Amino acid sequence: MTSVDMTQASDVAAARNSVYAEVDDWRLRPPQPLARNVQRYRLVQRLVAPETRVVVISAPAGYGKSTVLRQWSEDDPRPFLWLKCDGSDADTVLFARRVAVAVDRQAPLDDTLTLALAGRVEPSRDVPRLVARALGNVGEPFVLVLDDVHHLARTPTQDLVTDIERALPTGAVLALSGRSRPEVPFGRLRVDGRLREVGPDDLALSRDEARALLRSRGLEIDESGLDELYQATEGWVAGLQLMALAQAGTSSYTAEPTSPPRSLRQGDRFLAEYVREEVFTAIEPKVLSFLMETSVLDRLYGDMCDVVLHRTGSAELLEQLAATRRLFLTPTDSDRHGYHMHRLFAGLLQDELHRTRPDRFRELHLAASEWCEGEGDIDGAIGHAVVAQAADRAGDLVLANATRYVGRGRCQTVGRWLDEVGPKWTRQTASMAMGAALHAVATADMSALGEHLAVLRTLPETGRLADGTPSVEVTVAVVEALAGQFPIYQMPLRTKVIRDAGRRGNPWYALATGMQGQCQLLMGDVDGGRALLLEALGDLEVAHLRALVFANLALAEIADGDWERAEIQAVEACSIARANHLERLPMLVLVNAVASWVEARTGHVDQAHGHAAEAATALAALNGATGFLNRLRILVPTCLAQSHLCLGELDVARALYRTATDARVLEPHAELVLRLVDHLGAELEDASHSRLIGEAPTVAERRVLELLPTHAPLQEIAETLFVSRNTVKSHTLSIYRKLDVSSRSDAVTKARSLGLLRRGA
């Protein structure tokens, strides 16, 4: 090395001034903490461990790296030497002089070293040696903090970091902080347990820390509000700070059941400004474009990004960005196959993409929708179609999957899809209107069904629909047949429209066959109905519709008195419903009702009660759905009444019988149904009579029974009948025994159900 021969004090002073001129004062000051009032004890304790040699703190902007560094410096007795880096530090000589100045503030450099640094320096040969001499000049353990080290990435200075670590005296620590992890070989230190690494997951605030931060900004927050903000920000310090800023002028925050949260809407401008200034400007244009386009995806996978973006190499780029750049990307699995992008960051990237390239925004969401559909992620496919404002595609997706999802017990999922697309779209396309109508039928929502049917009846013919339905005309017939808002004798008009469209490629042909079979069965043609029901089973694949066919076949066997075969069919119907979690689907009320009757008839008391309870719940829902399958209003109470009759619960059976009798006027042509009701009435009458043979109250007891509903004391009854109180008491106890009750009120109720008391008594 060639150096200037300076021996006089003035020459040394000039050299010092020359070196110091290369270093702005702001580079040597400690960073200002972002969350000053939030204590990060958990993290700081990890950093002060005596065996630590190197600390690496890497995370995107706004994660509170500076806060951790400042709190560490306050808790650690060692002196901290600070140096903030920027792009000019790619010059290793300049960087070496800045490191030396940082050291000089703690331990003044000797004259020889000062003169050497100010002279002509050969980067590859002299810089490592001079830096090592400067660091060795400190006579006590210290912490050297190199902040914003992401500026050193892929520069000659990056290699110098390794030399700095090796030159540190015993007890000293090198702390590297930045938005990306430096590409420096620290494997040996990691194995030895002398490397401490802090990333975004570590820096993200906990719920309690988030609450403390918001309170330090004067904002009290309830649990729902905290959940809302915490889920949106994922513990990102800057995001929480800006959310608090969005609430300026308020002292409390409560979540609203709207989406997006109001705080996020109010904070959009603050967030956008911050991210544009602190994040976007620091990202290479190609990388920023990649992040912007992948932000439309909920989870990032290499092959998915390649297909959606029509590019290659996404997996490698994602791994690089997540491992070194830390641009709000975190792996979702240990093998780094998938990645998660921070919600707020992704949202801001999407907003920027939509603002600057709206056509590309829509194109990417449509491509993502197709990808999700191919992967079986129908939720994602519909969500992307909605964002792309692709009403036709969203409708096709809903209809193509609605029946299958309902058949698998996922009716709520279909309802969520419909909520997501909104009522406007259900009025625009036949596919969307039919999907909504099928959901309304499944849930017995007759109000919604009426609206969707009205839309379908006015839509122009469009040909085959997304699920294969041949035409809009067939669509209307299918929905009307499923809803059954007409007398049973009119069913053939609907099934004919469906069957006339042909079997091939018609997903509803088997359903129409089965419904025609049910129609003939309930109208009294048991053999003809059974044949059609069995034919339908050959092609019918949807679970809830197969369960209904088996329930009707069980009814056919009951009509023929073959209880053994009826049990087989009923068990199969219940097995299908149970396997697909359909037990509580309102439209399957008949499955539980028939099963309850069969189980009670064969002596399976617990099973009968269980099915009866499920059917009673569904029946209550159907009673509020005016016009939904009126025949069920007769048939279901009849089956349940027969079940309770078999179980000896005569009063419940009588109440259900009255319900069925009142409803029989709704289906005057349902011969089998009416015959079952009449048979039930006869059995109830026989049961009432048989229960009282040899046990009927005597004439004297009947006189006492007539007065029990008055709630008069026994002494008053005795005076009314001109008998003693003991006689009335004896008659009352005898009445209890004969009616198998234990109280006066139960005796009155039972006597009324058996016809032993007048209705008004």
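These numbers were taken from a predicted model, which means no experiment stands behind them.
Side-chain contact of Q350 with H365: a donor-acceptor pair under 3.5 Å is present, judged by distance alone. Inspection of the H310 and E363 side chains reveals no N or O donor paired with an N or O acceptor under 3.5 Å. For the residue pair S224 and D222, a side-chain donor N or O sits within less than 3.5 Å of a side-chain acceptor on the partner. Side-chain polar atoms of S88 and D86 form a donor-acceptor pair below 3.5 angstrom.
Checked for salt-bridge contact, D419 and R416 miss the test: no charged N lies under 4.0 Å from a carboxylate O. Ion pair R393/E373 flagged as a salt bridge, since at least one NZ, NE, NH1 or NH2 atom sits closer than 4.0 Å to an Asp/Glu carboxylate oxygen. Between D351 and R355, no side-chain nitrogen of the basic residue sits less than 4.0 Å from a carboxylate oxygen of the acidic one, so the salt-bridge criterion is not met. Salt bridge present: E209 and R40 bring a charged side-chain N and a carboxylate O closer than 4.0 Å. Under a 4.0 Å N-O distance rule, the pair R42/D202 does not qualify as a salt bridge.
Between F345 and the choices W236, F328, Y63, the ring-ring contact (aromatic ring centres under 6.0 Å, His included) rule is met once, by F328. Test T426, V398, V414 against H439 for side chain to side chain contact (heavy atoms under 4.5 Å, CB included) and you get one pass: V414.
Side-chain contact between L83 and L28 is present, with at least one heavy-atom pair separated by less than 4.5 Å. Within the 4.5 Å cutoff, no side-chain heavy atoms of V54 are placed close to those of R194. For the pair H384 and W371, the minimum side-chain heavy-atom distance is 4.5 Å or more. Contact of the L168 side chain with the F142 side chain is registered, since non-hydrogen atoms from C-beta on lie closer than 4.5 Å. A 4.5 Å side-chain heavy-atom check between I164 and F95 finds at least one atom pair inside the cut-off. Considering only heavy atoms from C-beta on, L43 stays 4.5 Å or farther from Q71 through its side chain. Between T52 and R46, every side-chain heavy-atom pair lies at or beyond the 4.5 Å cut-off. Counting only heavy atoms from C-beta outward, the side chains of V68 and V198 never approach each other to under 4.5 Å.
Residues R98 and E22 come closest through the heavy atom pair NE-O, 3.1 Å. Contact between P200 and S58 at its shortest, heavy atoms only, is CD-O, 3.4 Å. Considering every non-hydrogen atom in both R78 and L47, the closest pair reads NH2-O, 4.5 Å. Residues L205 and Y230 approach most closely at O-OH, 2.6 Å, considering heavy atoms. Among all heavy-atom pairs drawn from G383 and E420, the shortest one is CA-OE2, 3.2 Å. When all heavy atoms are compared, the tightest approach of V103 to A134 is CG1-O, 3.2 Å.
Residues forming a ring pair (Phe, Tyr, Trp, His ring centres under 6.0 Å) with W82 (at least two apart in sequence, or on another chain): F80.
We find the CG-SG distance between L152 and C85 to be 4.5 Å, quoted to the nearest 0.5 Å. With rounding to the nearest 0.5 angstrom, the SG atom of C411 is 14.0 Å from the NE2 atom of H581. Interatomic distance, E293 CD to R311 CZ, rounded to the nearest 0.5 Å: 9.0 Å. Atoms CG and NE2, from L349 and H342 in turn, are 12.0 Å apart once rounded to the nearest 0.5 Å. Going from atom CG of L329 over to atom OG1 of T294 covers 7.0 Å, rounded to the nearest 0.5 Å. For the atom pair CD (E234) and CG (D201), the distance works out to 9.5 Å, reported to the nearest 0.5 Å.
With hydrogens and angles ignored, the 3.5 Å screen pairs a side-chain donor or acceptor of T157 with a backbone N or O of D89. Between the side chain of R196 and the backbone N or O of G193, at least one donor-acceptor pair lies under 3.5 Å. Judged by distance alone, with hydrogens and angles left aside, the side-chain atoms of D76 form no donor-acceptor pair with the main-chain N or O of W72 at under 3.5 Å. Remark: side-chain polar atoms of D24 are not paired, donor with acceptor, to backbone N or O of W26 under 3.5 angstrom. A donor-acceptor pair is defined here as one N or O able to donate and one able to accept, closer than 3.5 Å; such a pair exists between the side chain of T617 and the backbone of A613. Between the side chain of R97 and the main chain of V23, no donor-acceptor pair closer than 3.5 Å is present. R70 places a side-chain N or O within donor-acceptor distance of the main-chain N or O of P31, the cut-off being under 3.5 Å. D306 contributes a side-chain N or O that, together with a main-chain N or O of S314, makes up a donor-acceptor pair within less than 3.5 Å. The backbone N or O of Q231 sits less than 3.5 Å from a side-chain atom of R343, completing a donor-acceptor pair. Within the 3.5 Å criterion, the main-chain N or O of L240 finds no donor-acceptor partner in the side chain of T233.
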### Task
Apply the test salt bridge (charged side-chain N to carboxylate O under 4.0 Å, His left out) to residues E614 and R578: give CA-CA distance (whole Å), side-chain angles for both, the deciding distance (0.1 Å), then the verdict.
CA-CA 12 Å; E614 293 286 356; R578 186 168 52 253; over 6 Å; no
### Message
As a quick check of understanding, evaluate side chain to side chain contact (heavy atoms under 4.5 Å, CB included) for L291 and M341, giving each step before the final call.
### Response
CA-CA 9 Å; L291 291 172; M341 185 181 292; 4.0 Å; yes
### Message
R179 vs K65, test: side chain to side chain contact (heavy atoms under 4.5 Å, CB included). Steps then yes/no.
### Response
CA-CA 9 Å; R179 297 179 184 179; K65 300 183 291 294; 4.3 Å; yes
### Query
Passes side chain to side chain contact (heavy atoms under 4.5 Å, CB included), L321 versus Y339? Steps please.
CA-CA 10 Å; L321 293 175; Y339 299 87; over 6 Å; no
### Task
Would you sort out whether D377 and R299 count as a salt bridge (charged side-chain N to carboxylate O under 4.0 Å, His left out), showing the intermediate values?
CA-CA 12 Å; D377 178 10; R299 285 288 185 273; over 6 Å; no
### Check against salt bridge (charged side-chain N to carboxylate O under 4.0 Å, His left out), R188 and E165
CA-CA 12 Å; R188 173 180 53 84; E165 180 270 315; 3.5 Å; yes
### Task
For side chain to side chain contact (heavy atoms under 4.5 Å, CB included), just list the numbers for L214 and R211, CA-CA rounded to whole Å, side-chain angles, deciding distance to a tenth of an Å, and then say yes or no.
CA-CA 5 Å; L214 295 170; R211 182 188 286 107; 5.9 Å; no
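Heavy-atom contacts from other residues, nucleotides or ligands closer than 6.0 Å to CD of Q389 number more than 12.
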